[in-house]
**Q** 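The structure is given below, and queries will be raised subsequently.
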2 protein chains.
Amino acid sequence: MKHRDKEMGRSTLGIGALSERSGVNIETIRYYERIGIMPEPPRTAGGQRVYDAGHLGRLVFIRRSRELGFSLDEIRTLLHLADGGDYSCGQVHEMTLAHIADIRRKIADLRRMERVLREMAANCAGGEMPECPILEALSA
Amino acid sequence: MKHRDKEMGRSTLGIGALSERSGVNIETIRYYERIGIMPEPPRTAGGQRVYDAGHLGRLVFIRRSRELGFSLDEIRTLLHLADGGDYSCGQVHEMTLAHIADIRRKIADLRRMERVLREMAANCAGGEMPECPILEALSA
DNA sequence: CTTGAAGCTGTAGCCGCTACAGCTCCCACC
DNA sequence: GGTGGGAGCTGTAGCGGCTACAGCTTCAAG
């Protein structure tokens, strides 16, 4: 039996199990606690962290939000809204729309980069000649 | 007369003028020197850096490469190829293509994010209801 | 009871800057 | 020739979001 709870009652998790189930690195979990977006969990007599399903949910929330490109600061706000219970769904909706606009800007930037690079690469045969049109283009 | 060269002979630049003409922050120029992608320039008797047109060209090269999303490490390689003079244009071409592939991956990632966020936002009226479908979706 | 994995704290490093503090230097003007 | 003040100097610390250690302690299976 590897679990500390003997499969009875609500399951509790060590940090390793939490990491595995949430998909978040152990070091990162402790980091999240340090910066205050994960709560300080109870500890065993010996000082080891003990988590429950609530912690797991919160951590998954954070991971999925990160995957969608929210900053930890934005996530902190989202969590705060959720924690308070008194959030208006409208605020969350608004943040999401703002974030979508952000992402669109980034995509536009990257597309511009790609176009310029494609043009440069197209002018460059890639042979052995000493003057490279790509380098020329960049220093001009 | 603000310039130190009296408009005769090749013009030399202080770090401030170099910054202005290259579009690169003064602090950043010194940083580039520290990490070795800009050479240590000659100094005045008093210890101030003195630049010339060559430095300006190199710095513009770096800035434009950064704008196109190359990392300083990639730029270091590009500069090394250019410095050696013995680069094959093919290597530059290859790096550029790899970088384009990188950018495409990033664009694809961002598009996925945007799609997911749009779907979540669409399910969210944004009203005052206590349960927010966006938050639900993220913790599930 | 032993042993080895898991967990603990605290610190330093990554990238690409940016921002200071607390100096020194340069040079235009009087 | 003096002086005032802007420009430049070095060195260090901070940002975000982790990651990687070193050097311990604790836990649980056998």
Side-chain angles (χ1 to χ4, degrees), chain A residues 1-7 12-38 40-51 55 59 61-79 99 102 106, chain B residues 1-7 12-38 40-51 55 59 61-79 99 102 106:
Chain A
M1 190 103 313
K2 259 204 161 217
H3 308 298
R4 67 183 74 225
D5 58 319
K6 304 171 171 92
E7 303 279 323
T12 62
L13 306 159
I15 198 169
L18 183 69
S19 167
E20 225 167 284
R21 295 211 199 174
S22 65
V24 176
N25 201 309
I26 290 181
E27 318 271 18
T28 306
I29 294 172
R30 286 196 286 245
Y31 169 71
Y32 287 164
E33 181 182 328
R34 211 162 57 240
I35 63 168
I37 68 177
M38 281 296 286
E40 291 184 25
R43 305 272 190 139
T44 64
Q48 306 201 187
R49 290 167 179 83
V50 181
Y51 296 98
H55 292 104
L59 205 45
F61 180 97
I62 296 170
R63 177 176 56 73
R64 291 175 56 74
S65 302
R66 288 291 301 133
E67 282 168 3
L68 290 172
F70 285 102
S71 71
L72 289 180
D73 232 45
E74 287 170 322
I75 293 172
R76 200 192 303 276
T77 305
L78 288 173
L79 285 168
H99 188 57
D102 243 43
K106 277 179 196 149
Chain B
M1 192 106 310
K2 260 206 158 204
H3 308 299
R4 68 183 69 221
D5 59 319
K6 301 168 174 96
E7 303 280 321
T12 63
L13 305 160
I15 198 169
L18 183 69
S19 167
E20 226 167 282
R21 294 210 199 174
S22 65
V24 176
N25 202 310
I26 291 181
E27 318 271 19
T28 306
I29 294 172
R30 287 195 285 246
Y31 169 71
Y32 286 165
E33 182 182 327
R34 211 162 56 239
I35 64 169
I37 68 177
M38 281 296 285
E40 292 184 23
R43 304 271 189 140
T44 64
Q48 307 202 188
R49 290 167 178 83
V50 180
Y51 296 98
H55 293 105
L59 205 44
F61 179 97
I62 296 170
R63 178 176 55 74
R64 290 175 55 75
S65 303
R66 288 291 301 134
E67 283 168 4
L68 290 171
F70 285 101
S71 71
L72 288 180
D73 232 43
E74 287 170 321
I75 293 172
R76 201 192 302 275
T77 305
L78 288 173
L79 285 168
H99 188 56
D102 242 43
K106 276 179 197 151

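So you know, we letter chains A, B, ... as the sequences are listed, proteins then strands, and number each from 1.
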**Q** Can you list, pair by pair, the side-chain donor-acceptor contacts under 3.5 Å of residues 62-71 of chain A, counting residues two or more places apart and other chains?
**A**
| from | atom 1 | to | atom 2 | distance (Å) |
| --- | --- | --- | --- | --- |
| A:R63 | NE | A:S22 | O | 2.5 |
| A:R63 | NH1 | A:E67 | OE2 | 2.8 |
| A:R64 | NE | B:A137 | O | 3.4 |
| A:R64 | NE | B:L138 | O | 3.4 |
| A:S65 | OG | A:F61 | O | 2.8 |
| A:R66 | NH1 | A:F70 | O | 2.6 |
| A:S71 | OG | A:D73 | N | 3.4 |
| A:S71 | OG | A:E74 | N | 3.1 |

**Q** Rounded to whole angstroms, how far apart are CD on B:E20 and C1' on D:dA7?
**A**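 Rounded to whole Å, this separation is 12 Å.
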**Q** Decide yes or no for B:I15 and B:R30: does some side-chain heavy atom of the first lie under 4.5 Å from some side-chain heavy atom of the second?
**A**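 Yes, their side chains come closer than 4.5 Å.
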**Q** Tell me the closest heavy-atom pair linking B:V50 and B:H55, and the distance in Å.
**A**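 The pair with the smallest heavy-atom distance is O-CE1, 4.4 Å.
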**Q** How many whole angstroms separate atom CD of B:E40 from atom C1' of D:dC9?
**A** 14 Å
**Q** How far does OG1 of A:T28 sit from CZ of A:R34, to the nearest 0.5 angstrom?
**A**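 So the gap between those two atoms works out to 10.0 Å.
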**Q** How many whole angstroms separate atom CZ of B:R30 from atom C1' of D:dA7?
**A**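 Taking atom C1' of D:dA7 as the reference, CZ of B:R30 is at 10 Å.
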**Q** Within the 4.5 Å heavy-atom criterion, are A:Y51 and A:L59 side-chain neighbours or not?
**A**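 Result no, sub-4.5 Å side-chain heavy-atom pair not found.
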**Q** Send over the distance from A:L18 CG to C:dC8 C1', rounded to a whole Å.
**A** 16 Å
**Q** Enumerate the protein-to-nucleotides 14-18 of chain C contacts in which both atoms are nitrogen or oxygen and the separation is below 3.5 Å.
**A**
| from | atom 1 | to | atom 2 | distance (Å) |
| --- | --- | --- | --- | --- |
| C:dC17 | OP2 | B:Y32 | OH | 2.9 |
| C:dC17 | OP2 | B:R66 | NE | 2.7 |
| C:dT18 | OP2 | B:T28 | OG1 | 2.9 |

**Q** Contact class for A:I35 (heavy atom, under 4.0 Å): base, sugar-phosphate, or nothing?
**A**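 A:I35: no heavy atom of the nucleic acid under 4.0 Å.
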**Q** Given atom CD1 of B:I15 and atom C1' of D:dG6, what is their separation to the nearest angstrom?
**A** 15 Å
**Q** Rounded to whole Å, please give me the gap between CD1 in A:I37 and C1' in D:dG16.
**A** 12 Å
**Q** Hey, is the side chain of B:T44 poking within less than 4.0 Å of OP1 or OP2 on C:dC25, counting only N and O atoms?
**A** no
**Q** Rounding to a whole Å, what distance do you find between A:L13:CG and C:dG7:P?
**A**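 After rounding, the gap between these two atoms is 11 Å.
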**Q** Can you tell me how far CG of B:L79 sits from CD1 of B:I37, rounded to the nearest 0.5 angstrom?
**A**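 B:I37 CD1 to B:L79 CG: 6.5 Å, rounded to 0.5 Å.
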**Q** To the nearest Å, how far apart are A:I75 CD1 and D:dG17 P?
**A** 8 Å
**Q** Below 4.5 Å, heavy atoms only, C-beta onward: do A:Y32 and A:I75 meet side chain to side chain?
**A** no
**Q** Establish, with yes or no, whether the OP1 or OP2 oxygen of C:dT9 is under 4.0 angstrom from a side-chain nitrogen or oxygen of A:R49.
**A** yes
